[in-house]
*Asks:* 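Below is a structure I'd like to ask you about.
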Amino acid sequence: MRRNPFGVDICCRKGSRSPLQELYNPIQLELSNTAVLHQMRRDQVTDTCRANSATSRKRRVLTPNDLKHLVVDEDHELIYCYVPKVACTNWKRLMMVLTGRGKYSDPMEIPANEAHVSANLKTLNQYSIPEINHRLKSYMKFLFVREPFERLVSAYRNKFTQKYNISFHKRYGTKIIKRQRKNATQEALRKGDDVKFEEFVAYLIDPHTQREEPFNEHWQTVYSLCHPCHIHYDLVGKYETLEEDSNYVLQLAGVGSYLKFPTYAKSTRTTDEMTTEFFQNISSEHQTQLYEVYKLDFLMFNYSVPSYLKLE
Ligand SMILES: Nc1ncnc2c1ncn2[C@@H]1O[C@H](COP(=O)(O)OS(=O)(=O)O)[C@@H](OP(=O)(O)O)[C@H]1O
């Protein structure tokens with residue numbers, strides 16, 4: 001088994017305390033305040049689910065098919081529900097280190113495309129029903145969320161403004177242009193590579209879109225991907241405090257002294273100011289409809305209505 005630079009193997013949990021015990025019954029005093037903050041985040045999810053039960057619990061029960069985003073680490077008793085555009089590539093890299101039994105020590109040695117190969121990580125839908133129930137009950141379940149419209153702009157910029165994302169242009173761009181652009185050129189209809197943000201928004205709020213097929217995971221709501229009204233998440237991490245919250249998870253898992261969330265230096269990442277700019281050209285009618293689509297994510301994860309929004 002390979003060891004990390006600190007000479008500690010990342011295989012299995014050594015202590016007798018599980019991440020769940022560390023979270024709900026912290027021994028270290030410094031962790032108590034953090035535990036209180038996370039209790040408030042859990043309460044917010046519970047209260048929102050209760051107050052919006054008609055929408056949030058449209059489905060009465062989940063099937064294994066609904067559990068494809070829940071990545072399992074048996075060795076550290078963790079379940080991570082990945083949400084695209086919330087640094088899930090880095091979290092999948094960490095899950096590969098945690099589940100790799102020493103195969104990897106540095107998450108950044110794993111290429112981004114490898115982290116997205118589904119065979120490299122085990123998801124909860126691959127277990128039998130009793131195994132699923134056991135893991136849901138005894139593992140620490142967590143997810144990471146981001147301000148919904150900033151996440152949406154991150155998805156748009158990545159999938160529709162980068163020349164190399166040809167599969168997205170072909171699969172979604174061509175459809176969006178066909179439906180939303182009057183007098184589209186033959187080239188635009190064929191390539192689908194110059195979708196405007198206004199057109200993307202019009203596509204998202206069009207009732208046909210979700211009737212035809214579910215949203216792509218990069219712009220699907222968190223509540224549809226991770227089912228927080230059915231699955232009780234023990235920890236809700238936020239993109240705004242990504243490193244702090246991630247390192248807290250690693251600490252609870254007992255690996256925090258030698259495994260850290262990869263730090264980041266990308267200067268082009270989507271900011272609040274950038275998101276504001278993108279929404280400048282969206283009519284208040286479309287802004288209002290779009291807010292309705294993502295409203296539960298705003299409420300559940302305690303994001304206030306953006307100040308730039310002109311709601312009708
Ligand atoms: N450590 C750290 N700190 C701050 N921001 C970070 C970090 N790691 C990833 N990111 C940002 O996460 C966005 C990419 O998320 P994903 O990896 O989930 O994207 S994808 O679903 O694989 O397409 C992408 O956001 P945008 O740049 O705004 O698009 C990344 O910049």
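Remember, it's 1-based here, ligands and their atoms both numbered in the order they're listed.
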*Asks:* Determine all donor-acceptor pairs shorter than 3.5 Å in which one atom belongs to a side chain in residues 188-197; sequence neighbours excluded.
*Replies:*
| from | atom 1 | to | atom 2 | distance (Å) |
| --- | --- | --- | --- | --- |
| K191 | NZ | E187 | OE2 | 3.0 |
| D194 | OD1 | R181 | NH1 | 3.4 |
| D194 | OD1 | R181 | NH2 | 3.3 |
| D194 | OD2 | R181 | NH1 | 3.4 |

*Asks:* Of all the non-hydrogen atoms in the protein, which one sits nearest to atom 23 (O) of ligand 1, and at what distance?
*Replies:* K85 NZ, 2.9 Å
*Asks:* For Y294 versus L152, what's the shortest heavy-atom pair and its separation?
*Replies:* OH-CD1, 3.3 Å
*Asks:* Taking the six-membered ring of Y82, is the NZ or CZ of K92 close enough (under 6.0 Å from the centre) and on axis enough (within 45°)?
*Replies:* yes
*Asks:* At less than 4.0 angstrom from any non-hydrogen atom of N158, what atoms of ligand 1 do you find?
*Replies:* 23 (O)
*Asks:* Which value, rounded to the nearest 0.5 Å, describes the distance between F149 atom CZ and F298 atom CZ?
*Replies:* 4.0 Å
*Asks:* Taking non-hydrogen atoms only, is N90 closer than 4.0 angstrom to ligand 1 via side chain, backbone, both or neither?
*Replies:* side chain
*Asks:* Would Y82 count as a contact residue for ligand 1, given that I'm defining contact as a non-hydrogen atom of the residue lying under 4.0 Å from a ligand atom?
*Replies:* no
*Asks:* Numbering the atoms of ligand 1 from 1, which are under 4.0 Å from a heavy atom of H218?
*Replies:* 21 (O), 23 (O)
*Asks:* Judging by distance only, is a nitrogen or oxygen of P262 under 3.5 angstrom from one on ligand 1?
*Replies:* yes
*Asks:* Consider ligand 1: state whether an atom of it lies below 4.0 angstrom from any non-hydrogen atom of W91.
*Replies:* no
*Asks:* Which of the atoms of ligand 1 are close to T270, meaning less than 4.0 Å from one of its heavy atoms?
*Replies:* 26 (P), 27 (O), 28 (O), 29 (O)
*Asks:* Below 3.5 Å, N or O to N or O, backbone or side chain included: is there any such pair between T263 and ligand 1?
*Replies:* no
*Asks:* Tell me the protein heavy atom at minimum distance from atom 17 (O) of ligand 1, and give that distance in Å.
*Replies:* T89 OG1, 2.5 Å
*Asks:* Among all protein heavy atoms in this structure, tell me which lies nearest to atom 24 (C) of ligand 1, with the distance rounded to 0.1 Å.
*Replies:* R146 NH1, 4.3 Å
*Asks:* May I ask you to identify the nearest protein heavy atom to atom 30 (C) of ligand 1, giving residue, atom name and distance to one decimal place in Å?
*Replies:* Y264 OH, 3.6 Å
*Asks:* Purely on distance, is any nitrogen or oxygen of V86 under 3.5 Å from one on ligand 1?
*Replies:* yes
*Asks:* Can a salt bridge be assigned to the pair K68 and E217 using a cut-off of 4.0 Å between side-chain N and carboxylate O?
*Replies:* no
*Asks:* Looking only at distances, can you tell me whether any N or O atom of C88, backbone or side chain, sits closer than 3.5 Å to an N or O atom of ligand 1?
*Replies:* yes
*Asks:* Less than 4.0 Å is my threshold; does some heavy atom of K159 fall inside it relative to ligand 1?
*Replies:* yes
*Asks:* Output yes when the distance from some N or O of ligand 1 to some N or O of R157 is under 3.5 Å, and no in every other case.
*Replies:* no
*Asks:* Closer than 4.0 Å to some heavy atom of P84 - which atoms of ligand 1 meet that?
*Replies:* 18 (O), 21 (O)
*Asks:* Please determine whether a side-chain nitrogen of the Lys or Arg among D245 and K238 lies less than 4.0 Å from a carboxylate oxygen of the Asp or Glu.
*Replies:* no
*Asks:* Atom CD of residue position Q186 - does it have more than 12 heavy atoms of other residues, nucleotides or ligands inside 6.0 Å?
*Replies:* no
*Asks:* Tell me the protein heavy atom at minimum distance from atom 11 (C) of ligand 1, and give that distance in Å.
*Replies:* Y239 OH, 3.4 Å
*Asks:* Identify whether NZ of Lys or CZ of Arg in K85 sits under 6.0 Å from the centre of the six-membered ring of Y239 and within 45° of that ring's axis.
*Replies:* no
*Asks:* Is ligand 1 less than 4.0 angstrom away from at least one heavy atom of H116?
*Replies:* yes
*Asks:* Please tell me if the side chains of F215 and Q210 come closer than 4.5 Å, counting only heavy atoms from C-beta onward.
*Replies:* yes
*Asks:* Where's the contact between E150 and ligand 1, heavy-atom distance under 4.0 Å: side chain, backbone, both or neither?
*Replies:* neither
*Asks:* Can a salt bridge be assigned to the pair K260 and E243 using a cut-off of 4.0 Å between side-chain N and carboxylate O?
*Replies:* no
*Asks:* Find the distance between CZ (F279) and CG (L290) and round it off to the nearest 0.5 Å.
*Replies:* 5.0 Å
*Asks:* As a quick check of understanding, evaluate side-chain contact (heavy atoms from CB on, under 4.5 Å) for T48 and L296, giving each step before the final call.
*Replies:* CA-CA 8 Å; T48 310; L296 276 183; 4.1 Å; yes
*Asks:* My understanding is that we take every heavy atom of each candidate and find the minimum distance to atom 26 (P) of ligand 1. Doing that for A112, A87, S154, which one comes out nearest?
*Replies:* S154
*Asks:* Given the rule in the side-chain contact (heavy atoms from CB on, under 4.5 Å) test, do T123 and S118 qualify, once you have shown the distances and angles that lead to the verdict?
*Replies:* CA-CA 9 Å; T123 47; S118 55; over 6 Å; no
*Asks:* Select one of side chain, backbone, both or neither to describe which atoms of E240 lie under 4.0 Å from any atom of ligand 1, heavy atoms only.
*Replies:* neither
